[in-house]
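Take a look at the following structure, please.
Side-chain atoms are counted along with the backbone in the values below, which use heavy atoms only and exclude waters and symmetry mates.
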Amino acid sequence: MTVEPQDEALWKRRFEAFALVRLSGAIFVLGGLMVAFKNPLGDEYPVIGALLALSGAADLIFGPRMLRKIWAEQDQ
């Protein structure tokens with residue numbers, strides 16, 4: 001079974017997109033937690049940090065699922 005260069009390039013781009021989505025979600029979670037617990041400038045920052053952490057968690061959970069759904073539609 002041989003893999004065509006076109007298919008290999010497609011899967012390489014998909015893997016990079018998947019990794020980027022997961023990495024960005026992890027960065028948002030860690031950054032949000034850091035802002036929420038550090039409280040750098042005032043009382044409103046823990047709320048902003050919590051929102052960043054929640055959006056990052058949603059990105060970690062639902063981002064790969066959305067990519068899989070999009071790719072499944074493209075493959076049909």
Side-chain angles (χ1 to χ4, degrees):
M1 181 172 163
T2 61
V3 177
E4 295 181 22
Q6 203 174 46
D7 288 339
E8 187 175 332
L10 173 72
W11 286 106
K12 183 178 179 182
R13 283 194 316 265
R14 287 183 178 184
F15 176 76
E16 289 170 351
F18 180 80
L20 186 62
V21 166
R22 297 297 296 256
L23 182 64
S24 67
I27 289 171
F28 272 103
V29 167
L30 293 176
L33 290 175
M34 199 167 66
V35 168
F37 290 124
K38 181 83 174 190
N39 198 5
L41 297 174
D43 292 335
E44 68 275 358
Y45 284 97
V47 174
I48 293 171
L51 291 174
L52 278 174
L54 287 174
S55 68
D59 189 20
L60 277 172
I61 295 168
F62 298 113
R65 292 180 186 176
M66 288 176 23
L67 284 176
R68 184 179 66 194
K69 183 178 178 182
I70 291 169
W71 292 335
E73 289 175 0
Q74 287 178 354
D75 290 341
Q76 290 180 357

Distance-only criterion, 3.5 Å: show the donor-acceptor pairs between side-chain atoms of residues 10-18 and protein atoms not counting sequence neighbours.
| from | atom 1 | to | atom 2 | distance (Å) |
| --- | --- | --- | --- | --- |
| Arg14 | NH1 | Asp75 | OD2 | 3.1 |
| Arg14 | NH2 | Asp75 | OD1 | 2.9 |

Scan the side chains in residues 51-74 for donor-acceptor partners under 3.5 Å anywhere in the protein, sequence neighbours excluded, and list what turns up.
| from | atom 1 | to | atom 2 | distance (Å) |
| --- | --- | --- | --- | --- |
| Ser55 | OG | Leu51 | O | 3.3 |
| Ser55 | OG | Leu52 | O | 2.9 |
| Asp59 | OD2 | Ser24 | OG | 3.0 |
| Asp59 | OD2 | Gly25 | N | 3.2 |

Q) Linking Ile, Leu, Val, Met, Phe, Trp and Tyr by side-chain heavy atoms under 4.5 Å, what else ends up with Leu30? A) none

